[in-house]
Number of protein chains: 2
Amino acid sequence: MGRRDISKLRRAEYAAAAYRALMRYGNDGTSLARVAEEAGVSKANVLHYFKSKEALLAAALRYANAELLREAVLLLGEARTPLERVYAVVETNLSPTSFRPEVAHAWIALCAGVPYVPAYQRIQTVIYARMRSNLIGPLRSLLPEEDAALLSDLMTTAIDGIWLRCGLSLDGLTRQAARAQLEAVLDARLPDSEERRAAKIRMLEVARILVKARR
Amino acid sequence: MGRRDISKLRRAEYAAAAYRALMRYGNDGTSLARVAEEAGVSKANVLHYFKSKEALLAAALRYANAELLREAVLLLGEARTPLERVYAVVETNLSPTSFRPEVAHAWIALCAGVPYVPAYQRIQTVIYARMRSNLIGPLRSLLPEEDAALLSDLMTTAIDGIWLRCGLSLDGLTRQAARAQLEAVLDARLPDSEERRAAKIRMLEVARILVKARR
DNA sequence: ACAAATATGAACCATTCGGTCAATCTATTA
DNA sequence: TAATAGATTGACCGAATGGTTCATATTTGT
């Protein structure tokens, strides 16, 4: 049975390599040869574990998604109130592991491929569904149904826009500037309050601690 | 000198064909052969007018940009007050000529190529600079400097996010929903007022008239 | 009318792509 | 130790890519 283990290992290894290639070279720049080189093995061997390039890239994006999910779960686990849950989502999307041009590159490449690669479409749908459910839950307990839905959607679009700018990195969009923008989005519907400020500060602190602990 | 005219004509013709191909097939799906087919001429002929594929695609995006610019100029020309100028920008980005999945596809492809194609980077920089200057001018006369800058940036990111979603078209993001989101963004800093509602209604009407007239 | 300039397209080139295959190598097991 | 199942690889394939060449057709100025 010592041989089955290596199969799981290789699959994870090559998915990670494909993700690195996706970050560095973009969607069309990521060839099987490049992924194989990244993993230090032959192209044929990569195809031995993934029957097609599409399957490989889908695995790569599931891998990346799982990475972000781990971060989200950790932060949301520490959130005690609805407001803290909202800020947990904000800080998750601004965490140093996610909010990097390389990661954003991979994500934009994913978006660009959505119309042509069915697997990408499915992954993207999952990501959006999770984002929405994470946001609309806490918001519903803070706002009228209609406003909760609107603010949830608006937060999602704003996060999309911020990640896009991060990926383009034409101007150096800092984490602070991005945070200020998302804060302003919340201003649109969420009244300023002492609890809100406290929730923001606490989740920022929790995020800081988790990042430090991770390293 | 009747010969130089055909050169300009062909260049515009092939740029438009390249743009159509970009919308339909994405960045890597757009080959010289495909563009040539789209234009109904030979591949070599296309390359006769554009020395490289990169030059062709750059021209295609300048063409698309000019298309949107024309729309923006028309709307902004009808705006009489700062508030109307803000809503002119909003309606420009939601106009039926721009706010279509095909157009958004091309734009996402452009974004995905930015890190690798220098020409794309330059075009994207120009687009953002124009958007910012169109927004920050009127906003400065309505808000403190700091808020004007923040709201301008936030409007830009929100528009990015909306276009991205339009391109993915996983959920059918309607023009109305997008307009509601941008309206909510303005709520974050711009006080509700009679003038604001009037400005919104007027630019919406102007946009409607212009679209009808165009056809 | 004619030579120069330009426009055009078919065939072609080298390269890269995703993917296949038969041949090796390796490690477990009988 | 011998057999075997799985891991790994280099060589190779057809298709498609961006880009070039060159012979032919068309238009232009004189």
Side-chain angles (χ1 to χ4, degrees), chain A residues 1-22 24-61 109-110 112-113 115-120, chain B residues 1-61 109-110 112-113 116-120:
Chain A
M1 287 300 147
R3 222 47 178 293
R4 287 287 177 197
D5 300 27
I6 224 172
S7 174
K8 296 282 173 192
L9 184 72
R10 287 279 174 279
R11 284 181 61 89
E13 211 170 290
Y14 297 165
Y19 178 57
R20 285 198 304 276
L22 218 47
R24 268 198 265 276
Y25 307 111
N27 205 354
D28 41 332
T30 298
S31 63
L32 286 175
R34 200 98 71 165
V35 174
E37 185 196 0
E38 190 77 30
V41 295
S42 74
K43 188 175 58 165
N45 190 253
V46 174
L47 275 168
H48 174 70
Y49 290 99
F50 294 94
K51 69 176 178 191
S52 72
K53 185 195 183 183
E54 187 173 332
L56 169 64
L57 292 187
L61 292 170
L110 164 64
Y116 316 104
V117 187
Y120 287 6
Chain B
M1 290 307 135
R3 219 46 177 295
R4 289 289 172 197
D5 300 25
I6 224 174
S7 174
K8 295 283 172 191
L9 184 71
R10 287 282 175 278
R11 286 181 60 89
E13 209 170 292
Y14 296 165
Y19 178 57
R20 285 198 304 275
L22 217 48
M23 289 194 289
R24 266 198 266 274
Y25 308 112
N27 205 355
D28 43 333
T30 298
S31 66
L32 286 175
R34 201 98 68 162
V35 173
E37 185 196 359
E38 190 75 31
V41 295
S42 77
K43 189 173 58 163
N45 193 359
V46 174
L47 228 51
H48 174 73
Y49 291 99
F50 295 93
K51 69 175 177 193
S52 71
K53 185 195 184 185
E54 185 174 331
L56 169 64
L57 292 187
L61 291 170
L110 164 64
Y116 317 103
V117 187
Y120 287 7

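Letters A, B, ... mirror the listed sequences (proteins, then strands); counts begin at 1.
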Whole-Å distance separating the [atom1] atom of [X] from the [atom2] atom of [N]:
X	N	atom1	atom2	value
A/Leu9	D/dA7	CG	P	11 Å
B/Lys43	D/dA16	NZ	P	12 Å
B/Glu37	D/dA16	CD	C1'	14 Å
A/Arg11	D/dT8	CZ	P	14 Å
B/Asn27	D/dT17	CG	P	13 Å
A/Leu47	D/dG6	CG	C1'	17 Å
B/Tyr49	C/dT6	OH	C1'	8 Å
A/Lys8	D/dG6	NZ	P	15 Å

Closest-nucleotide mapping onto DNA chain C: is A/Glu54 or B/Ala44 further toward the 5' terminus? I mean the 5' end.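 Checking each residue's closest nucleotide, the 5'-ward one belongs to B/Ala44.
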
Given C/dC17, D/dT17, C/dG19, the nucleotide with the shortest approach to the side chain of B/Arg34: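 Closest of the options to the side chain of B/Arg34: D/dT17.
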
The side chain of A/Ser42 lies closest to which of these nucleotides: D/dT9, D/dG19, C/dG9?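 Side chain of A/Ser42 sits closest to D/dT9.
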
Report, as yes or no, whether the 6.0 Å neighbourhood of atom CD on B/Glu13 holds more than 12 heavy atoms from other residues, nucleotides or ligands.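 Yes, enclosed.
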
OP1 or OP2 of [N] sitting under 4.0 Å from any side-chain N/O of [X]?
X	N	value
B/Arg10	C/dT8	yes
B/His48	C/dA7	yes
B/Ser31	D/dT17	yes
B/Asn45	C/dA7	no

Has the side chain of A/Lys53 got a donor or acceptor atom that lies under 3.5 Å from a matching backbone atom of A/Leu47?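 Side chain of A/Lys53 to backbone of A/Leu47: no pair is present.
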
Sidechain N-carboxylate O distance under 4.0 Å for A/Glu38, A/Arg24: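 Result for this pair is yes, salt bridge flagged.
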
Is it the case that A/Asp28 and B/Tyr116 place a side-chain donor and acceptor less than 3.5 Å from each other?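 No, B/Tyr116 and A/Asp28 have no side-chain donor paired with an acceptor closer than 3.5 Å.
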
Contact class for B/Phe50 vs. all strands (heavy atom < 4.0 Å): base, sugar-phosphate, or nothing?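 Touches nothing.
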
Are the side chains of A/Pro118 and A/Glu54 in touch, meaning some heavy atoms are under 4.5 Å apart?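 Yes, at least one pair of side-chain atoms sits under 4.5 Å.
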
